[in-house]
Structures are given as C-alpha cells and as structure tokens.
Amino acid sequence: MAVPAHLDIRLGPLLDQASRLEAQAEELRQTSADLKKAIDSLHATTSGEASEAAIASSARALAETETRRERLARNAAVIRKLADVYDTCDLAGARALGS
C-alpha cells in the first residue's frame with residue numbers, strides 16, 4: 001500500500017461534524033428527559049400488567065437513547081481531540097520548517 005506524500009486534512013469539516021454530533025447528542029438528552037417524565041407520569045397514574053409492560057418498554061428505550069447520546073458525545077469529543085492534535089502537529093511542523 002502506497003503512503004501518501006502528504007496529508008490533506010481540513011479542520012473545518014471535522015469540526016462541523018463534531019458540532020453536528022454534539023447537536024444530536026443534545027437532542028437525545030432532551031428526548032431522554034421527556035421520556036423520563038412520561039415514564040414517571042405513567043407510573044404515577046396507572047397500574048397493572050399493561051402499565052408495567054409499557055413502563056418496562058419505555059425504560060429500555062430510555063436506556064438505549066442514553067447509550068446513543070453518550071456515544072455521540074464521545075465521538076464528537078474524539079473528533080475535536082484529533083483535530084486539535086493535527087492542528088498542533090501541523091503548527092509544530094510548520095515552525096520546524098521555518099514557516
């Protein structure tokens with residue numbers, strides 16, 4: 001496999017993607033909060049097998065939503081860190097070359 005002569009990394013699109021992931025994570029955070037309120041309300045106002053099944057199903061959906069939110073936030077942080085590392089290396093390289 002041939003090694004490229006140079007890296008062509010554009011930070012703008014990377015940071016834009018991180019921002020999109022963060023926005024999606026925030027939307028999921030709000031969705032989780034709304035779902036938790038709905039679960040609490042359902043629990044407070046109903047009872048019985050059907051109610052417990054609905055609550056259990058909603059709790060699973062809440063857990064999955066939280067897992068997805070955490071992954072989005074983690075991925076955004078990784079992208080930002082990689083962009084920062086690249087930027088630091090690029091600047092150090094430029095300084096080493098006298099630019």
Side-chain angles (χ1 to χ4, degrees):
M1 184 164 139
V3 177
H6 69 281
L7 292 174
D8 184 19
I9 297 176
R10 296 190 180 115
L11 296 180
L14 282 175
L15 296 174
D16 289 346
Q17 181 62 23
S19 293
R20 282 190 294 274
L21 293 176
E22 290 163 344
Q24 290 173 359
E26 176 56 27
E27 287 177 25
L28 286 178
R29 188 199 62 74
Q30 184 59 51
T31 298
S32 292
D34 293 345
L35 185 53
K36 176 133 179 44
K37 286 178 189 174
I39 291 169
D40 292 344
S41 177
L42 183 61
H43 203 332
T45 59
T46 63
S47 63
E49 243 179 82
S51 175
E52 292 304 316
I55 290 169
S57 177
S58 296
R60 284 191 300 278
L62 178 61
E64 290 172 11
T65 300
E66 277 301 301
T67 297
R68 176 75 173 145
R69 183 196 61 75
E70 290 166 1
R71 285 182 183 152
L72 287 168
R74 182 191 67 226
N75 290 346
V78 167
I79 289 170
R80 287 192 182 282
K81 183 172 179 116
L82 289 172
D84 187 49
V85 167
Y86 175 77
D87 193 41
T88 300
C89 290
D90 190 45
L91 181 59
R95 285 183 181 154
L97 295 173
S99 297

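Just the heavy atoms: all of them, side chains too, but no hydrogens, waters or symmetry mates, feed the values below.
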Between atom [atom1] of [X] and atom [atom2] of [Y], what is the distance when rounded to the nearest 0.5 Å?
X: R71; Y: E66; atom1: CZ; atom2: CD; answer: 12.5 Å
X: L11; Y: D16; atom1: CG; atom2: CG; answer: 10.5 Å
X: R20; Y: L15; atom1: CZ; atom2: CG; answer: 10.5 Å

Do T65 and R69 have side-chain heavy atoms sitting under 4.5 Å apart?
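The answer is no; the side chains never approach within 4.5 Å.
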Do S19 and R80 come close enough that some side-chain heavy atom pair is under 4.5 Å?
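A side-chain contact under 4.5 Å exists here.
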Option among Q24, R29, Q30 that satisfies the side-chain hydrogen bond (donor to acceptor under 3.5 Å, both in side chains) test with E26
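Option passing the side-chain hydrogen bond (donor to acceptor under 3.5 Å, both in side chains) with E26: R29.
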Considering non-hydrogen atoms only, spot the tightest contact between [X] and [Y] and give its length.
X: A59; Y: I39; value: N-CD1, 3.8 Å
X: A18; Y: A76; value: O-CB, 3.6 Å
X: L28; Y: R68; value: CD1-CG, 3.4 Å
X: T46; Y: S51; value: OG1-OG, 2.5 Å
X: A25; Y: A73; value: CB-N, 4.1 Å
X: A83; Y: L14; value: CB-CD1, 4.4 Å

Here's a test for you: under side-chain contact (heavy atoms from CB on, under 4.5 Å), which of D84, I79, V85, V78 qualifies with L82?
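The passing option is V78.
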Would L42 and L62 show up in the same hydrophobic cluster when neighbours are defined by side-chain heavy atoms closer than 4.5 Å?
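Yes: a chain of side-chain contacts under 4.5 Å links L42 to L62.
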Side chain of S57, backbone of A53: donor and acceptor closer than 3.5 Å?
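Answer holds: no.
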